[in-house]
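One structure is given below, encoded as structure tokens.
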Amino acid sequence: MHTDPPLDPADWEEFRALGKRIVDDIADHLAGLRERPVWQPVPEDVRASFRTGLPAKGMPMAEVYEEFRTTVLPFPRGNIHPRFWGWANGSGVPVAAYGDLLASVINCTLGSGGNAAMMVEQQVIEWLQQALHWPAGGSGLLTSGASMGQVTALAAARVAKAPSGAAIRDEGTVASGVQFTVYGSEETHHSVDKAVELLGIGRRFFRKIPVDRDFRIDVGALRATIRADREAGLHPLCLIGNAGTVNTGAVDPLRTLLEIAREEDLWYHVDGAFGAFAQLLPSHHALLDGLAEADSLVCDLHKWLYMPFDVSCVLTRSEGVLEAAFSSSADYISSTAGGPSAYPFAFSDRGIEQSRRFRALKVWFALKTHGIGTFAEAVAANIAQVAHLAARVEAAADLELVARSDLNVACFRYVWPGAAPGAADRVNRGILNRLQTEGLAMPSHTVLDGKFVIRVADNNHRTDVTDFDFLIAQVRAIGAELRAAEEDTGPAGTAPPADGR
């Protein structure tokens, strides 16, 4: 006699009905995004609901869903809203959510074994190679984000370029007596700091090279630093080129860096977390020249390919370098002549994780549904929208364009004649605070040349130029109001800083 599994629904029709309701609610929610605040603070009573203890007994799943609708859904980060341009967050393609749902239903783990899910991930990697003009003989792995991609790529570099080769996996960096050095501009993403720490290289040996006026790496300073490190008996390992820095969207001279890496026998890694997808546009091939000849590349599909979080990719130029850095064996994962364990490769041998979720399915769903051309059009639209924003800023006497990339990032601020630096910073902090806390728009901020600036990174397929017209109007109106308060009352009368504290 069979009994019902205790963790499956007792009533499949009830499960089906709730699922239909959820899908209807999702469609309504996404269709009405523009009418909602971009972001709003979580009220204290809702915060308190997340401090309750572990449930001893269950409750009807429909009631759990209702709690989600009232405590979670209204208070998101906001990155799916058309006026979200903060940090570097993507907007999420709706059809890809179906892929995530189905991936959870079939619940495959993509470490090893012969199954269709493994083949889908391999196909997605091959599609990305084609889209980014990457060599077909290379290799790759889907990861949670570019941060894990940096660790993966630098681990491959360490084995490929170490004097002792793969033996460093047994001996470690200390026993080998080698002190590696890694090079990138001071604008390189802070995930590289974490990667060099985890790999035993040490943050002090990540050489952060100064940048020029356009926030690109200073090639002369780079060459001098590599030379000095060799003279000091250190072992230069890896050169990192940025295809779109987070602060300003700057693209390093990738072809020149490639040539330096080859001259110096360095592993050449490109951080293209969002900017790599400008490779979809013929207009940007010259800007990214050299990217497709790197030894490794990371790119976040959940940024400028608009996929739901999380899915990223690390590509390597040569087949087998990831396996050289990560492959391992055990009796319980050894190969067999037939069955699933006869599958010829394992993704778990290309990275750290043995248990890996089926991230590829949402990408497969979205690319098959829309085609890469539609994604290229969205990327081109974002670039044009930021160009429109920059033009509006430059045309306004009370706005200053502080940085503008050839990609999708622009940094600007509210200004007025005779403003003291501290006063201008306070007003711009106040503008950002109002934009965010009132749910009007969600740019983020950074500091450039000592100035607090409003930063826009447009990875949003829902944005149009009217959203940036709205942003300009709000910045100027709020700026005028806060400037008047600043001039009337001084620092004591200004708005709170951008974090609300």
Side-chain angles (χ1 to χ4, degrees), residues 87-88 145-158 161 173 178-261 263-276 290-291 294-298 402-403 405 407 409 411 444-451 453 455 457:
W87 304 281
S147 295
M148 184 57 71
Q150 316 284 28
V151 174
T152 304
L154 285 176
R158 187 177 61 169
K161 295 296 185 180
T173 54
V178 174
Q179 178 56 65
F180 296 114
T181 49
V182 174
Y183 305 86
S185 86
E186 60 190 14
E187 293 289 303
T188 302
H189 193 269
H190 67 274
S191 59
V192 175
D193 290 315
K194 296 181 181 181
V196 295
E197 291 174 19
L198 286 169
L199 293 169
I201 295 169
R203 192 188 304 187
R204 184 161 64 91
F205 296 97
F206 172 34
R207 307 306 200 198
K208 299 182 181 181
I209 309 300
V211 295
D212 62 18
R213 292 173 60 89
D214 295 319
F215 302 98
R216 306 183 342 148
I217 192 168
D218 182 328
V219 172
L222 169 65
R223 289 185 182 276
T225 304
I226 295 172
R227 184 168 57 250
D229 283 343
R230 289 201 189 280
E231 292 172 353
L234 303 177
H235 188 95
L237 172 70
C238 177
L239 173 57
I240 299 171
N242 290 295
T245 61
V246 173
N247 256 356
T248 66
V251 177
D252 286 330
L254 300 179
R255 169 64 59 180
T256 301
L257 297 188
L258 172 67
E259 293 167 356
I260 294 172
E263 291 168 9
E264 296 284 351
D265 192 28
L266 304 179
W267 181 280
Y268 183 40
H269 173 63
V270 173
D271 182 355
F274 65 89
L291 176 147
D295 294 300
S296 58
L297 167 72
V298 295
V402 180
S405 77
L407 299 176
V409 180
C411 299
S444 56
H445 70 277
T446 191
V447 177
L448 299 176
D449 297 328
K451 302 174 182 177
V453 298
R455 176 187 167 280

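Numbering of residues begins at 1 and proceeds along the displayed sequence.
Residue Asp271 comes nearest to Gln150 through the heavy atom pair OD2-NE2, 2.9 Å, listed as atom of the first residue, atom of the second, then distance. When all heavy atoms of Ser191 and Ser147 are compared, the closest pair comes out as CB-OG, 3.3 Å. The shortest non-hydrogen separation linking Leu237 to Ala157 is CD1-O, 3.4 Å. Nearest heavy-atom pair across Val196 and Phe206 is CG2-CB, 4.1 Å. Contact record, Ala261 with Tyr268: CB-CB, 3.7 Å, taken as the closest heavy-atom pair. Residues Thr245 and Phe274 come closest through the heavy atom pair O-CZ, 3.5 Å.
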Go through it in stages, so that I can follow the logic: the residues are Asp193 and Lys208, the test is side chain to side chain contact (heavy atoms under 4.5 Å, CB included), and I'd like the CA-CA distance, side-chain angles, deciding distance and then a yes or no.
CA-CA 10 Å; Asp193 290 315; Lys208 299 182 181 181; 3.1 Å; yes

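Under the 3.5 Å distance criterion, the side-chain polar atoms of Arg216 are left unmatched by any main-chain donor or acceptor of Arg213. Remark: side-chain polar atoms of Gln179 are not paired, donor with acceptor, to backbone N or O of His235 under 3.5 angstrom. Proximity of a side-chain donor or acceptor of Asp252 to a complementary backbone N or O of Ile217 within less than 3.5 Å is detected.
Atoms CD and CG, from Glu263 and Leu258 in turn, are 9.5 Å apart once rounded to the nearest 0.5 Å. With rounding to the nearest 0.5 Å, the separation of OG1 in Thr188 from NE2 in His269 is 9.5 Å. A distance of 7.5 Å separates CZ in Arg158 from CZ in Phe180, rounded to the nearest 0.5 Å. Atoms CG and CZ, on Leu198 and Arg203 in that order, are 11.0 Å from each other to the nearest 0.5 Å. To the nearest 0.5 angstrom, Ile260 atom CD1 is 14.0 Å from Asp265 atom CG. The line from CD1 of Ile209 to OG of Ser185 is 8.5 Å long, rounded to the nearest 0.5 Å.
Side-chain contact between Phe215 and Asn247 is absent, with no heavy-atom pair separated by less than 4.5 Å. Here the side chains of Val246 and Arg455 are in contact, with some heavy-atom distance below 4.5 Å. Leu222 has its side chain within reach of Leu239: a pair of non-hydrogen atoms, C-beta onward, lies under 4.5 Å apart.
By the salt bridge (charged side-chain N to carboxylate O under 4.0 Å, His left out) test, Glu259 pairs with no residue at all, sequence neighbours left out.
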